[in-house]
> 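For reference, the structure I am asking about is given below.
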Amino acid sequence: MNSIKDSVIQKIIRSFPALKELASVSAFEVPKNPEFGDTALPCFRFSAVLKKPPVAVAEELKKIFRDDTSFESVENTGGYLNFKYSRKAFAESVLSDINDGSVFERLKEEGSGKTMVIDYSSLNIAKEPHIGHLRSTIIGNSIYRIYDFLGWKVIRINHLGDWGTQFGKLIYAFISWGDEKELGKNPVRYLQDLYVRFHKEEENDPSLSSAARDWFVKLENGDPEARKLWQRFKDYTIEGIKKTYDRIDVSFDFYRGEGYYESGAKDVIKMVEASPVSKISEGALVIDLEEYGMPPCIVRKSDGATIYSTRDLAAAIDRHNEFGFDKMIYVTELKQQLHFSQVFKSLELLGYDWIKKAEHIGFGSILGISTRKGNVIYLEDIFDEAKSRVLDIMKDRDIDETQKDIIADKIGIGAVIFQDLSRSRVKNIEFDWERVLSFDGETGPYLQYSYVRIVNIIQKSSAVINGMPDFSLLTDDVTYELIKTMSYFESKIRSAYNEHEPSVMASYLINLAKEFNRFYRVNRIIGEENDVSESRIFLLIALESLYRRCLQILNIPVIDKM
RNA sequence: GCACCAUUAGCUCAGUUGGAUAGAGCAACGGAUUUCUAAUCCGUAGGUCAGAGGUUCGAGCCCUCUAUGGUGUACCA
């Protein structure tokens with residue numbers, strides 16, 4: 001899709017070799033006002049090199065394209081060189097590029113041979129997933145899909161929170177107040193209630209804190225009772241969260257809890273002890289980071305136990321040994337930024353240069369919920385509520401009940417996921433039922449609905465495509481705008497990749513859907529003359545394949561009926 | 001105290017490496033449908049881009065300061 005711009009750049013450099021450094025495909029802009037043209041080359045930066053005012057530069061460059069058939073017109077407007085494509089040539093170039101798969105193949109080559117390790121979702125044992133966990137899961141999974149799309153080999157790791165003082169708390173709570181029968185009913189929710197109760201009781205009785213710490217030390221030292229309970233809690237939880245992951249079509253290559261790195265953590269302690277960058281401070285083994293403006297990275301607590309930083313150090317080393325990655329990504333809340341800076345800097349000081357390939361991708365928090373205080377909104381409950389509202393809308397639809405139920409679930413999920421992914425990663429979100437459950441305007445269901453329209457037309461049409469259609473029939477304004485939007489796909493996925501920002505794809509897909517809906521309103525497909533019908537179907541086939549991939553990248557369920 | 005993040009229409013948000021007249025959705029009001037699925041489309045209205053300086057041909061975007069909100073700040077994760 002860049003071939004037209006490429007040839008423009010080639011021609012400019014041929015005539016003005018001095019612009020070799022400045023002129024590139026990325027120098028093009030999308031004009032603010034479509035009347036200016038389809039793509040624009042601002043000449044302001046060129047003026048210094050050529051020692052002429054921008055307007056004069058643009059005038060010179062304009063001459064190069066006097067006889068170029070790729071363009072309908074090339075104009076100089078106040079220093080901008082505005083190009084209007086020949087619509088027919090443009091439609092042909094963009095649509096065949098998609099329909100013969102070459103755009104996807106091209107993108108697939110970019111990450112070929114490279115490996116990326118991504119750590120996301122990372123749920124906690126004995127905590128039922130709530131709306132806050134959705135962000136890491138969905139953002140992480142979307143980043144995985146973007147890398148995968150660009151041909152990377154991706155290792156997905158779910159770094160379960162299955163270790164730490166919180167398990168001391170849980171073990172203490174279960175031994176003190178636990179009931180086997182209740183545990184059997186809904187294990188995860190029951191364990192979570194115990195956890196909430198612990199924090200309430202702890203407020204009145206501070207001695208509980210040290211009791212919990214003791215249990216964690218026991219757990220680390222291999223105490224059989226502690227280990228047995230821990231393993232049970234863990235098994236119950238994984239079983240439970242896998243159901244949720246299946247529901248939203250998320251999966252992992254490895255479930256590796258912090259407990260997995262337990263022996264590695266002990267090796268890390270030995271290694272750090274022997275290293276000149278470590279010291280004992282207030283009874284704890286730490287790596288001093290004062291020089292870098294950070295608090296020390298604690299490797300061994302004063303009570304002898306490991307801490308999350310120990311386990312993260314061990315995990316990073318382990319992952320590098322096992323996978324030899326070209327890139328490693330952690331998707332967690334923004335508030336863990338300092339923690340990861342400490343871990344990364346510590347590994348650097350310990351001589352692991354590869355840690356420079358690691359990056360923390362932070363995201364904003366969901367405000368107004370807290371597990372400790374107990375005012376949680378569970379993910380499953382949100383999906384269920386969304387589904388029931390969808391079913392209400394669908395009640396008069398002529399669709400088989402079983403199928404309707406499945407579709408409603410997917411629409412509800414699409415709504416919840418999209419409202420989360422559509423915002424910039426770093427922004428905090430105030431949880432709001434009304435917004436999550438709205439299905440009008442820029443929402444997941446809108447995207448799915450538009451997709452259903454596309455698929456239905458293709459299915460119902462009897463047009464048969466033999467070779468290439470007549471592209472001159474795809475040159476009206478609305479069609480042209482749609483094709484132009486389709487042509488942005490390549491640069492959008494690159495920018496989503498560079499910024500690790502799924503919301504770029506979310507807003508792109510909204511635009512694509514809007515342009516399609518406009519097209520749909522004005523241009524009929526079925527019942528038109530054969531050659532018109534065929535050319536429009538050719539367009540829709542390209543659109544469908546592009547659109548479906550965008551939905552998949554965003555983790556929004558693909559459906560063909562609603 | 002220090003550090004990081006945010007601040008754009010009544011509400012929720014886009015705004016790509018600085019570029020032409022700052023854009024959507026929701027809510028409000030008006031209009032389009034005997035449909036290739038109206039969960040749609042078209043229109044009206046809504047702005048001191050938190051504030052003040054600075055950098056330059058040009059700043060919502062970069063720099064400095066201030067204000068407001070959020071988060072973090074050694075043995076929680």
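All values reported here derive from a predicted model rather than from experimental measurement. A, B, ... follow the sequence lines: proteins, then strands. Residue 1 opens every chain.
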> With the stacking rule set at 5.5 Å and 30°, tell me whether Tyr446(A) counts as stacking on A39(B).
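So no, this residue does not stack on that base, at least one cut-off failing.
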> When the distance from CD of Glu29(A) to P of C61(B) is rounded to whole Å, what number comes out?
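So the two atoms are 17 Å apart, to the nearest Å.
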> Can you measure Leu334(A) atom CG to G72(B) atom C1' for me and round it to whole angstrom units?
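Rounding to the nearest Å, CG of Leu334(A) and C1' of G72(B) are 10 Å apart.
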> May I ask you to say whether Asp38(A) pairs ionically with Lys84(A), meaning some side-chain N is under 4.0 Å from a carboxylate O?
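Salt bridge absent between Asp38(A) and Lys84(A).
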> Check whether the aromatic ring of Phe36(A) stacks on the base of A20(B), taking stacking as ring centres less than 5.5 Å apart and planes within 30° of each other.
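A stacking contact exists, since Phe36(A) sits close and nearly parallel to the base ring of A20(B).
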> Between U56(B) and A32(B), how far apart are the two C1' atoms, rounded to whole Å?
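It comes out at 49 Å once rounded to the nearest Å.
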> Considering only the P atoms, how many Å lie between G46(B) and U7(B), rounded to the nearest integer?
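Between the two P atoms, the distance is 25 Å.
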> Is the distance from OP1 or OP2 of A39(B) to the nearest side-chain N or O of Tyr449(A) less than 4.0 Å?
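It does, given that an N or O in the side chain of Tyr449(A) lies less than 4.0 Å from OP1 or OP2 of A39(B).
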> Any chance you could lay out the side-chain contact (heavy atoms from CB on, under 4.5 Å) test for Ile411(A) and Met394(A), step after step, and finish with the verdict?
CA-CA 11 Å; Ile411(A) 295 171; Met394(A) 291 179 79; 4.2 Å; yes
> To the nearest Å, how far apart are Met294(A) CE and A74(B) P?
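In whole Å, A74(B) P and Met294(A) CE are 14 Å from each other.
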> Considering just the side-chain nitrogens and oxygens of Arg311(A), establish if one lies under 4.0 Å of OP1 or OP2 belonging to A77(B).
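Yes, such a contact exists.
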> Does a distance-only test, which skips hydrogens and angles, find a donor-acceptor pair under 3.5 Å between the side chain of Glu282(A) and the base of A74(B)?
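Check passes, donor-acceptor contact within cut-off.
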> What residues form a ring-ring contact (aromatic ring centres under 6.0 Å, His included) with Phe28(A), not counting sequence neighbours?
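For Phe28(A), no residue satisfies ring-ring contact (aromatic ring centres under 6.0 Å, His included) once neighbours in sequence are set aside.
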> Using Watson-Crick pairs (N1 to N3, plus N6-O4 or O6-N4) and G-U wobble pairs, both distances under 3.5 Å, which stems of at least 3 pairs involve RNA chain B?
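Stem list for RNA chain B: B:1-7 with B:67-73, B:10-13 with B:23-26, B:28-32 with B:40-44, B:50-54 with B:62-66.
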> Please list all pairs meeting side chain to side chain donor-acceptor pair (under 3.5 Å) that have one or both residues in residues 280-300 of chain A, counting only residues at least two apart or in different chains.
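Pairs touching residues 280-300 of chain A that pass the test: Glu273(A)-Arg300(A).
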> Do any N or O atoms of the protein come closer than 3.5 Å to N or O atoms of nucleotides 12-16 of chain B, and which pairs are they?
from, atom 1, to, atom 2, distance (Å)
C13(B), OP1, Arg423(A), NH1, 2.8
A14(B), OP1, Ser424(A), N, 2.8
A14(B), OP1, Ser424(A), OG, 2.4
A14(B), OP2, Lys427(A), NZ, 2.7

> From the list G19(B), C5(B), A74(B), which nucleotide is the closest neighbour of the side chain of Tyr80(A)?
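Looking only at side-chain atoms, Tyr80(A) lies closest to G19(B).
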> Show each protein N/O and nucleotides 63-65 of chain B N/O combination with a separation under 3.5 Å, one pair to a line.
none

> Would you list the protein and nucleotides 25-31 of chain B atom pairs, both N or O, that sit under 3.5 Å from each other?
from, atom 1, to, atom 2, distance (Å)
G25(B), O4', Glu442(A), OE2, 3.3
G25(B), O2', Glu442(A), N, 3.4

> What distance, rounded to whole Å, do you find between the two P atoms, one in A6(B) and one in A39(B)?
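To the nearest whole Å, 38 Å.
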